[in-house]
Amino acid sequence: MATNAFQPIQGMSDIAPPDIYIWRMIEERAREVFARYRFDEIRTPALEKNELFTHSLGDTTDVVTKEMYTLEDRGGRKLSLRPEGTAGAIRYVASGGEETAGARVFYMGPMFRCERPQAGRKRQFHQIGVEAVGAPNPLADAEVIALQVHLLAAWGLKGAKVRLNTIGMPEDRTAVLEGLREAIRPRLSELPEEAQQRFETNVLRLLDSKDEAVQKVIADIPPVIEFMSAESRAYLNTVIETLKKLEIDVTVDARLVRGLDYYVHTVWEVVHGGLGAQNALAGGGRYRIHLDKRAVDGVGFAIGVERVIAALEAGGITAAQFAPIPPVFIVSLGDAALSENLMLLQMLRQRGVACEMELSARKVQAQMRRADKTGAQTVIIRGDTELEKGTFVVKNMADGSQREVELPELIKLL
RNA sequence: GUGGGUGUAGCUCAGCUGGUUAGAGCGUCAGAUUGUGAUUCUGAAUGUCGCGGGUUCGAAUCCCGUCACUCACCCCA
């Protein structure tokens, strides 16, 4: 058991071998896919002014009101660790004026939310996300969903499902909220107290409630799209049609909503069966974010890396499969050989060979044991006898065979 | 923020209703094998029993508190 004093703080953890190997696979393949879709990487600060998040995510959202790590710096400025990546990315995009007008960016990095940890939820977690800036265009939405599905496939993930919905254009918002309230009002008394409060503060959120009583009522009311303008409906239809042409499977779910205020039009999430209660491994949508006097339109998504890893592991994919190739191991016998082998080690490394050696004159047996543990396929043994002859013993660890070669031959073998 | 479960060796865990010096497997290290690993055999090391307090002649075991892990609610990736 680790001692209390030097443990990471609650909900945050070290990522080390062998786990780190699957993280690197995910990041490497993500960069390859993003390059094909022509998205460029940005790295924004983890710490931002608090207002950036309150303005863009909405100052009544749960994320902002109860989940942010907020602190004051020495000048009394209120700062927050980013709880998500879109706000910072859009701040960057907005700062660039015309230069970044149609920006297509991706980011990957840690996000912070001070919630109670559980399966699939850490206080420091990692997201890979993209933002495609530009006026609402259903083809752009479909393209971003296609990118996301492509990414999941590139990681080898199977069994993920995309659920899609629209929350309508901003102009429809009032009609949607009113329509929903009217539909639910006659049965308000059937709802638990907490849900009745949501009815007032945020009716939309009732739609995806897990409460059975709420679900029973929701099942009988018309889908939100019924309250929207023809334009909003047409927008959703074009997204669906386009995805069909691209042969991307999605399920339209009239009850899907999102928790952040900036969403408009298309919203979606990716769910996976191998995850436990937090079954969404990614979320996305179209948004309009207001910063100072300007509004930035765009569409984007964020993928939870920890959740992707959990889903991959549920499917039998393990981090160890992505471990680096084992080294060539050098075994020395005697002090003279030890010092000569140090030069051999360096020379091989400079030629691009991953290799390792025992830096003390331990018994051969012990050195061989260690070589075996590194997973080395090839072991070079050189003692005083070989030094005199100018040779190297090369041993194949798989079948135990070995032969004695000179330097040019050795280099050719590795 | 609310509720359930769990904290014993590096890891996985045993330790019955409180009773001497706290155990096993795996791993580690060493020897068998003075120039050869993985197999086999033999041996060894390692614990503030999460932390603090209480009850008791006596606590890993019972009680309280606390911290951490874990799962769920809320919400989200």
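First the proteins, then the strands, lettered A, B, ... as listed; each starts at 1. Being a predicted model, the structure only gives us computed values, none of them experimental.
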side-chain hydrogen bond (donor to acceptor under 3.5 Å, both in side chains) filter on A:Asp253, not counting sequence neighbours, yields A:Arg163

Mind calculating the distance between [atom1] ([X]) and [atom2] ([N]) to the nearest angstrom?
X	N	atom1	atom2	value
A:Tyr263	B:C75	OH	C1'	14 Å
A:Met368	B:U34	CE	P	15 Å
A:Asn202	B:C74	CG	P	14 Å
A:Ile380	B:G37	CD1	C1'	16 Å
A:Asp211	B:C74	CG	C1'	12 Å
A:Gln365	B:A30	CD	C1'	9 Å
A:Ile309	B:A77	CD1	P	18 Å

Under 3.5 Å, is there any donor-acceptor pair linking the side chain of A:Gln118 to the base of B:C74? yes

What protein N or O atoms touch nucleotides 1-6 of chain B N or O atoms at under 3.5 angstrom, if any, and at what distances?
{"residue": "B:U2", "atom": "O4", "partner": "A:Arg116", "partner atom": "NH1", "Å": "3.2"}
{"residue": "B:G3", "atom": "O6", "partner": "A:Arg116", "partner atom": "NH2", "Å": "3.0"}

Reckon A:Leu281 touches a base, only the sugar-phosphate, or nothing at all at heavy-atom distances under 4.0 Å? sugar-phosphate

Please state the C1' separation for the pair B:G18 and B:U61 - nearest whole angstrom. 6 Å

Dot-bracket encoding of pairs in RNA chain B, which uses [ ] for pseudoknotted crossings and | for another strand, Watson-Crick or G-U under 3.5 angstrom: (((((((..((((.....[...)))).(((((.......))))).....(((((..]....))))))))))))....

